[in-house]
Trainee: 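Structure below; questions to follow.
Chain letters run A, B, ... following the sequence lines, proteins first and then strands; every chain starts at 1.
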2 protein chains.
Amino acid sequence: MDTNKLMPLLADMAILVTVVEQGNFSKAARKLGITPSAVSRQISRLEDALGIKLLQRTTRQLALTESGKITFDYCKQMVESAEQAVNASRSATSTVSGLLRVAAPKSLANQVLRPLFVEFLKCYPDIQLHLKVTDRILDPIHDGVDFLIHINDYPIEALVNVKIGRVEQVLCASPDFLANHTLPTHPDDLKYLPCICLGENMTDNRWRFSNKNQKTTVEVTGSYLLNHSEMRRDAIEQGFGVGSLPDYTAQKGIEAGKLIPLLKDWHLQCSYHGDICLQYVQSKYMPNKNRVFIDFIKQKSLEIQQDS
Amino acid sequence: MDTNKLMPLLADMAILVTVVEQGNFSKAARKLGITPSAVSRQISRLEDALGIKLLQRTTRQLALTESGKITFDYCKQMVESAEQAVNASRSATSTVSGLLRVAAPKSLANQVLRPLFVEFLKCYPDIQLHLKVTDRILDPIHDGVDFLIHINDYPIEALVNVKIGRVEQVLCASPDFLANHTLPTHPDDLKYLPCICLGENMTDNRWRFSNKNQKTTVEVTGSYLLNHSEMRRDAIEQGFGVGSLPDYTAQKGIEAGKLIPLLKDWHLQCSYHGDICLQYVQSKYMPNKNRVFIDFIKQKSLEIQQDS
DNA sequence: GTTTATTTGTGTCCATGAGGCACAAGTCCT
DNA sequence: AGGACTTGTGCCTCATGGACACAAATAAAC
């Protein structure tokens, strides 16, 4: 059965259900807000389309035929499903309130997510957003968070993952700095330049690079180590050395000419490099507050993609 | 949710299902035989009606929103039910063949049901009708019959019962007979008249009468006993005495003036007096041959009611 | 018996709205 | 940069669903 053949019959089936439940055409017509003659025609049309007589009817009594009973049962199911579809939609908009716990990394939260969360809360004033800013990757089940946002090319497989964006690390220096130093054309050149590292782990001074063909690792040195991207941007702009920045942190500085991107052909592998992942525990029927949050973030990530 | 609000949305829901299953508007439009713009508009209309965004869509990709997923599930159910309704109707007309076993009492079968069965077999040439004519009331389960037709005001409660008509017993005599005897005005008068009994049971000569207010029993006598209604009609017409006939047996004779109905104010209780019952075993999904038989008999009984 | 009210069904007419068409805007691929 | 394909919108046309009037049938009322 093709859907295009089916569609005009759907309304007729709904009318059939009303007729059977009301007991006659006239009552059904009143309930449907149309005239009895319209009801009569629709039922006839349905009978013609299905090829069977559904109702045994005289002017004074109405009854389903035996063949019609089965058809009616399915029609009733059909209407009930449709009603449930509508009810599901209504309840999806009605109660969007409660607590929503979200974990996100510091830098991303401050520079990218902040305006999103503000707008979200304005859209849904009855939702209370509890934002846990941390660079640790929390466990949604044990750490009591509903959503986990993190930057990673390998999202947690046990959780649903929605890619809502991507962060690239850009290696930068200030124009002043470059005027006084040799412009690096290969990762190895960085050995001889002061570099600004994160300094969170012991290996943070081992920068791993890759391009289409090769991989290489460079051990860099520098006098300023800090794990705050905006402060690092400031340090780079001040000419303290070469440093890596998330693209969203670097973008304005590059546009303003305060930062010069380096080694564009190479990718810098580090913890702040990869897809922005929105992850949460799988469940068929989640609360509305969760659903609207996912939809909102997805929507915004699409809009951001369009803008860029 | 009123049905009249729901109806215009049903087709839109079907379109939504097609869109999601096809993956984009254009493919869905091709499948539905309409233009993509029409699809776009219907989806928008559905979203407006439901008050939620169902699909997150750009020009290159399409995805259900979280809120939309639940709505979609119900819409899919809705379409599936509708398809089942259509399929049920198709199969109801496709295979109407096989053996149908019907038990009916002699007199009714010969004088009333015979033309119905003939017409039924002409309508459904692939059905084989096995008619068991007997005045015993058979057990549909143990005696291997699908339908049981009998005359009784108290149908078997374990079976589904469809009243397809009514038989009244009429007490008659011939004009010749009445010319030579006193016209009875009360059941008691029958004691002094020759009466024609069925003679099947020992108590068949005890005729029980009732009217609005009273009941009475008369023990009658006569020289001719026979349990075949048409032969009994003949005996009455020949002036052998007063006898009871089913109304359908007496009708022609009364109209032709060969029979005179007696004691019209009284009802004669006997085995051939009551509703004509079509009974069969309850089952939700019976074979098509059974369904069309029920529908046919119901339909004919309605037409007979209209004629009379 | 007659009337009255209510039922289903069938014409005819008309307004609503669904869909086609053309086009715009956006996106991916080459 | 250009081509192919996407979704979305304005405009117009025509099919269709429904109102209306009426007929036929039936059950109840009187």
Side-chain angles (χ1 to χ4, degrees), chain A residues 3-16 18-20 22-49 53-65 68 165-166 298-299 301-308, chain B residues 2-16 18-20 22-49 53-65 68 299 301-308:
Chain A
T3 309
N4 47 6
K5 299 270 178 60
L6 189 68
M7 281 199 294
L9 303 181
L10 294 172
D12 298 349
M13 291 179 182
I15 291 180
L16 172 68
T18 309
V19 167
V20 172
Q22 294 296 313
N24 63 44
F25 284 19
S26 300
K27 278 186 194 166
R30 273 195 293 278
K31 193 150 202 288
L32 294 170
I34 56 178
T35 54
S37 62
V39 174
S40 170
R41 244 189 287 260
Q42 299 293 328
I43 295 292
S44 297
R45 196 167 70 112
L46 183 61
E47 287 181 330
D48 288 347
K53 202 166 195 300
L54 295 169
L55 296 169
Q56 236 144 15
R57 45 198 190 274
T58 67
T59 55
R60 300 305 276 190
Q61 66 189 22
L62 200 68
L64 272 170
T65 63
R166 182 162 181 84
K298 274 187 189 171
Q299 180 65 40
S301 72
L302 277 178
E303 289 175 9
I304 290 171
Q305 279 178 28
Q306 284 178 10
D307 293 346
S308 64
Chain B
D2 288 344
T3 309
N4 47 4
K5 299 269 178 59
L6 189 68
M7 280 198 294
L9 303 181
L10 294 173
D12 299 349
M13 290 180 182
I15 291 180
L16 172 68
T18 309
V19 167
V20 172
Q22 293 296 313
N24 63 44
F25 283 19
S26 301
K27 278 186 194 167
R30 273 195 290 278
K31 194 150 202 287
L32 294 170
I34 56 177
T35 54
S37 62
V39 174
S40 170
R41 244 188 293 258
Q42 298 294 329
I43 295 293
S44 298
R45 196 165 71 110
L46 183 61
E47 286 181 330
D48 288 347
K53 202 167 194 301
L54 295 169
L55 295 169
Q56 235 144 15
R57 46 196 188 273
T58 67
T59 55
R60 300 305 277 189
Q61 65 189 23
L62 198 70
L64 273 171
T65 63
Q299 180 66 37
S301 73
L302 276 178
E303 289 174 8
I304 290 171
Q305 279 177 29
Q306 285 177 9
D307 293 345
S308 65

Trainee: Begin with the C-alpha distance, continue with both residues' side-chain angles, and end with the deciding distance and a verdict on side chain to side chain contact (heavy atoms under 4.5 Å, CB included) for A/M7 and B/L32.
Mentor: CA-CA 10 Å; A/M7 281 199 294; B/L32 294 170; 4.1 Å; yes
Trainee: On the side chain of B/R41, is there an atom forming a donor-acceptor pair with the base of C/dG17 - under 3.5 Å, no angle test?
Mentor: no
Trainee: For B/S44 and for B/R30, find the nucleotide of DNA chain D with the closest heavy atom, then tell me which residue's nucleotide is more 5'.
Mentor: B/R30
Trainee: Between B/T35 and C/dG20, is there a contact of a side-chain N or O with OP1 or OP2 at under 4.0 Å?
Mentor: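 Checking C/dG20 against B/T35, a side-chain N or O does come within under 4.0 Å of OP1 or OP2.
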Trainee: If we ignore hydrogens and angles and just use 3.5 Å, is the side chain of A/E47 paired with the main-chain N or O of A/L55 as donor and acceptor?
Mentor: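 Judged by distance alone, yes, a pair lies under 3.5 Å.
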Trainee: Nearest nucleotide by nearest heavy atom, which residue falls closer to the 5' end of DNA chain D, B/G23 or A/R45?
Mentor: B/G23
Trainee: Determine whether any donor atom in the side chain of B/S37 lies under 3.5 Å from an acceptor atom in the base of C/dC21, or the reverse, and answer yes or no.
Mentor: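 It does, because a donor-acceptor pair links the side chain of B/S37 to the base of C/dC21 below 3.5 Å.
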Trainee: If you only use heavy atoms from C-beta on, which nucleotide in D/dA19, C/dG19, C/dT10 is closest to the side chain of B/Q42?
Mentor: C/dG19
Trainee: Measure from CG on B/L46 to P on D/dT7 and round the result to the nearest Å.
Mentor: 17 Å
Trainee: Donor-acceptor pair, distance only, cut-off 3.5 Å: does the side chain of B/S40 make one with the backbone of B/P36?
Mentor: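 A pair under 3.5 Å: no.
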Trainee: Using heavy atoms to find the nearest nucleotide of DNA chain C for A/K27 and A/M7 separately, return the residue whose nucleotide is more 5′.
Mentor: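 Taking each residue's closest nucleotide, the earlier one in sequence belongs to A/K27.
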Trainee: Just the rounded figure in Å: distance from P of C/dA18 to CG of B/L32.
Mentor: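 Answer to the nearest Å: 15 Å.
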Trainee: C/dT10, OP1 or OP2 - any side-chain N/O from A/S40 closer than 4.0 Å?
Mentor: no
Trainee: Calculate the interatomic distance between A/I15 atom CD1 and D/dG17 atom P; express it in whole Å.
Mentor: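 Distance, rounded to whole Å: 10 Å.
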Trainee: With distance as the sole test, does A/T65 use its side chain to make a donor-acceptor pair with the main-chain N or O of A/L54 at under 3.5 Å?
Mentor: yes
Trainee: How long is the line joining CG of B/L62 and P of C/dG26, in whole Å?
Mentor: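 The distance from CG of B/L62 to P of C/dG26 comes to 18 Å, rounded to the nearest Å.
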Trainee: Counting side-chain heavy atoms from CB outward, which of C/dG20, C/dG9, D/dA19 is closest to A/F25?
Mentor: C/dG9
Trainee: Among the candidates D/dT7, D/dA19, C/dT8, find the nucleotide nearest to the side-chain atoms of B/R57.
Mentor: D/dT7
Trainee: Does a sphere of radius 6.0 Å around NZ in B/K53 hold more than 12 heavy atoms from other residues, nucleotides or ligands, not counting ones at 6.0 Å or beyond?
Mentor: yes
Trainee: Which nucleotide in the list C/dT8, D/dT7, C/dG19 gets nearest to the side chain of A/P36?
Mentor: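 My answer, after comparing the listed nucleotides, is C/dT8.
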Trainee: Could you state the CG-C1' distance from A/N24 to C/dG9, rounded to the nearest angstrom?
Mentor: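 Interatomic distance, CG of A/N24 to C1' of C/dG9: 14 Å.
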